[in-house]
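Since the structure comes first, as structure tokens, the remarks are kept for the end.
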There are 2 protein chains.
Amino acid sequence: MHSEDLIEAIKTRRDNLDVTQEMLADLSGVGLRTLKQFESGKGNPTLETLNKLGNALGMELSYRVKEITK
Amino acid sequence: MHSEDLIEAIKTRRDNLDVTQEMLADLSGVGLRTLKQFESGKGNPTLETLNKLGNALGMELSYRVKEITK
DNA sequence: ATCAATAGTGCAATAAAAAGCACTTATCAT
DNA sequence: ATGATAAGTGCTTTTTATTGCACTATTGAT
């Protein structure tokens, strides 16, 4: 799956803000287990979960048209 | 939820490419019922579903840091 | 090398997404 | 206004995400 970028986005932002998984779980309302699973690449979170995490970190999810990179 | 933008992105792109829900369901491998539910705002799709739809339409999901708009 | 903090995992229960099917509603051209 | 195409809904089963708990592993500082 191509979700590594999303995972990296969350992890990087979380680290930059000096927020632990536990803090983010509390802040976002997402279960700690769910967050751990997502960040370790073992999850398939729902949009609601992705939004909760994004909101807590001041980020939003969007679709971007892929550019033709040759 | 703030997923209206994602819904609009999919619907708009799909319309622009003249693709029906049924065609997109087939192309993406997402069930027709699931797509209908998402587009009608009644769904909470998984990341896998969002990725499948995006891929079929040449789009990718990304997190963007929200700008402070005051 | 030890301790503390943070991150990752196994297991189990509950809630909910995914999917197909049959049906209804809306849209639009003729 | 009829027919055809596309979109939306009710119902159901199966699969899986979410969650908590208890535990292990990793990391980093002293």
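For K52(B) and dA17(C), the NZ to P distance is 16 Å, given to the nearest whole Å. For N44(A) and dT15(D), the CG to C1' distance is 12 Å, given to the nearest whole Å. Taking atom CE on M23(A) and atom P on dT6(C), their separation rounds to 8 Å, with Å as the unit. Between the CG atom of L47(A) and the C1' atom of dT18(D) there is a distance of 15 Å, given to the nearest Å. Rounded to an integer number of Å, the gap from CG of L24(B) to C1' of dG8(D) is 16 Å. The separation between D26(A) atom CG and dT19(D) atom P is 12 Å, rounded to whole Å.
Across all non-hydrogen atoms, the minimal contact from N44(A) to E48(B) is OD1-N, 2.9 Å. Taking every heavy atom of both residues into account, K66(B) and N55(A) meet most closely at NZ-OD1, 3.3 Å. Smallest separation of non-hydrogen atoms from I7(B) and G41(B): CD1-CA, 3.8 Å. Among all heavy-atom pairs drawn from L6(B) and L61(A), the shortest one is CD2-O, 3.7 Å. Annotation for A56(A) and S28(A): closest pair CB-CB, 3.7 Å, computed over non-hydrogen atoms. When all heavy atoms of T49(A) and P45(A) are compared, the pair lying nearest together is CG2-CB, 3.9 Å.
The backbone N or O of Q37(B) lies less than 3.5 Å from a partner atom in the side chain of S40(B), making a donor-acceptor pair.
OP1 or OP2 of dA16(C) has not a single side-chain nitrogen or oxygen of T46(A) nearer than 4.0 Å. Using a 4.0 Å cut-off, some side-chain N or O of K42(B) falls inside it from OP1 or OP2 of dT9(D). Here T49(B) reaches the OP1 or OP2 of dA18(C): one of its side-chain N or O atoms lies under 4.0 Å away.
Taken over five-pair windows at either terminus, the axes of the helix from dA1(C)-dT30(D) to dT30(C)-dA1(D) are inclined to one another by 60° (rounded to 10 degrees).
Note that OH of Y63(A) and CG of N51(B) are 7.0 Å apart. Values are rounded to the nearest 0.5 Å. E39(B) contributes atom CD, which lies 4.5 Å from atom CD of Q21(B) (distance to the nearest 0.5 angstrom).
Taking every heavy atom of residues 31-41 of chain B and every atom of DNA chain C, pairs under 4.0 Å involve G31(B), R33(B), T34(B), by number. Of all the residues in residues 10-22 of chain A, not one reaches under 4.0 Å from DNA chain D with any non-hydrogen atom.
There is a path of hydrophobic side-chain contacts, each under 4.5 Å, that joins L17(A) to M23(A).
A 6.0 Å sphere centred on CD of E8(A) holds more than 12 heavy atoms belonging to other residues, nucleotides or ligands.
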